[in-house]
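Working notes, beginning with the structure itself.
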Amino acid sequence: MLLDNTITELGTLLRSKKISSRELVEEAYDSIEKHNGALSAFITVREKKDALCDADASDASSSRGPLAGIPFCLKDAYVTKDLKTTAGSKVLDTFVPPYSATVVQKLLASGAILIGKNNMDAWGHGATNENSDYGPVKNLWDTTRVAGGSSGGSAAAVSARMAAFSIGEDTGGSIRNPASMCNIAGLKVTYGRVSRYGAIAYASSLDTVGPMAKSVSDIAEILEVIAGVDPKDATSSRREVPHYSTLLEKPLSGMRVGIPKEFFAEGLTPEVRDIFVKATRMLESLGAQTLEVSLPSLPFGVSIYYLIAMSETSSNLNRYDGVRFGNNPSFFGEEGMRRIIIGTYALKAGYHDDLYGRALKGRTMLIREFDALWETCDVLLGPTIPTLPNKLGDLSENTMSAYLADAFTAPVSLVGSPSLAIPAGFSKSGLPVGMQIIGRKFDEATILAVGHAYQKATDWHKKKPALLS
Ligand code: GLN
């Protein structure tokens, strides 16, 4: 398939007119027709004729950025002008936004072709994508299993070649978790690296906008387009945006890779641990120097994260009062209600200091522990999620186990660091396993370089689900 190629390769083929954007878009829609019924990767698919019309315009145009003519999709957490946007919740089932998010505007301006809006856990609440009001997303590697969450539709769509890439959203793991479960790459950017304007807010001090694609080089190409300051988002950073795609070829020799020993916690599935250990050996063979380090507060990360995330979401969701956005607030599902109630409780006078206030102190402790490690490490390495992709239904009745899926990702979100999830191997049963490379704030370039070096030496990311062949 053409969509097996990297974005750089597709760009070269497009510029030399060996292929057309129309062909790429046709291929994406063919795959949607074949697989979306089984996977539920989309909530809204754009009219094919509109996407083809954009593709023809791109084929006719001579100005070509790296994403021109490339089909992409978006987690349904980003508002799109004149195209329904639900955040995975029936509360917004009839919401057609009057404007587009900054990330959408940037991608459209770069000439990328929008295919549709991906399924997601309602409001970003979830780790398995079973908490969507539009049905669970299934994993193409085994359709009896979940695709991960909350950006599960994005990961499923990319792994099924329904687009070349998707934009996900990561608050506590929602890009990294489904990327790992579906054998693709996903980047949680530094908080503030990409504008959140037009992103439907989950937890405002944690939400990040990031790319999901088949390879690290694709991620670099996309990040270059979407990163940067935005006057409409006061938390977006003014730091210059490096040319990530030209900084990928960094030798690993001498690179100091810290491995926090707390990642080897009780809940870590032995098969996931073994695959992770093998991946660290591979990085060593490429010249990296690994060292055991410690983040003593890491085991408290999930509790700290959920107190803060629920407090913030209870505040963010109170705008959906049925007055401004059409539908009835009683359409909130069980998980949404749970989080609103717990968050409101944690912020209540009398409980605030004990719950929310203590969580904030815990967050500061974690930030200090991570900061101290940057004296001796260039990057940190860990498994992305402690388990293999779960069977559908396994976690939907077990809220605590579902929250523990974020044990390794949520602490990184609390400190604001960037983290890149990439494929690291397969279980005996053929299920994908990922790992995450964590960097200093705003040092996406280094984690991308490490991920790229690993992908040049391995071919896990090139493996395709049997259903695609
Ligand atoms: N699973 C986590 C949660 O439910 C993370 C979600 C996210 O990153 N959007 O909060």
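Residue indices begin at 1 and follow the sequence shown. Ligands are counted one by one from 1 in listed order, and the atoms in each one are counted from 1 as well.
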Taking the six-membered ring for Trp, are [X] and [Y] parallel (under 30°), tilted (30 to 60°) or perpendicular (over 60°)?
X: Y305; Y: Y202; answer: perpendicular
X: Y320; Y: F332; answer: perpendicular
X: F263; Y: F408; answer: perpendicular

Non-hydrogen atom of [X] closer than 4.0 Å to ligand 1:
X: A309; result: no
X: R339; result: yes
X: Y403; result: no

Stepwise salt bridge (Lys or Arg N to Asp or Glu O under 4.0 Å) test for R358 and D354: CA-CA 6 Å; R358 261 169 76 188; D354 233 17; 3.8 Å; yes
Can you measure from CD1 (I438) to SG (C377) and round to the nearest 0.5 angstrom?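 Rounded to the nearest 0.5 Å, the CD1-SG separation comes out at 10.5 Å.
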About how many Å separate SG of C182 and CG of N177, when rounded to the nearest 0.5 Å?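 These two atoms lie 9.0 Å from each other.
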Have a look at Y134 and tell me which of D93, T44, D76 forms a side chain to side chain contact (heavy atoms under 4.5 Å, CB included) with it.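 Checked D93, T44, D76 against Y134; only one passes side chain to side chain contact (heavy atoms under 4.5 Å, CB included): D93.
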Top protein contact for [atom], by heavy-atom distance:
atom: atom 2 (C) of ligand 1; result: D406 OD2, 3.2 Å
atom: atom 10 (O) of ligand 1; result: Y202 OH, 2.5 Å
atom: atom 7 (C) of ligand 1; result: S174 OG, 2.4 Å
atom: atom 3 (C) of ligand 1; result: Y306 OH, 3.2 Å
atom: atom 5 (C) of ligand 1; result: Y305 OH, 3.3 Å

Numbering the atoms of ligand 1 from 1, which are under 4.0 Å from a heavy atom of [X]?
X: G172; answer: 5 (C), 7 (C), 8 (O)
X: G126; answer: 1 (N), 2 (C), 3 (C), 4 (O), 6 (C)
X: H125; answer: 4 (O)

Does any N/O atom on K75 come nearer than 3.5 Å to any N/O atom on ligand 1?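 Checking ligand 1 against K75, no N or O pair falls under 3.5 Å apart.
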Flag, side chain of D233 to backbone of S195, donor-acceptor distance under 3.5 Å: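 Checking the backbone N and O of S195 against the side chain of D233, no donor-acceptor pair under 3.5 Å is found.
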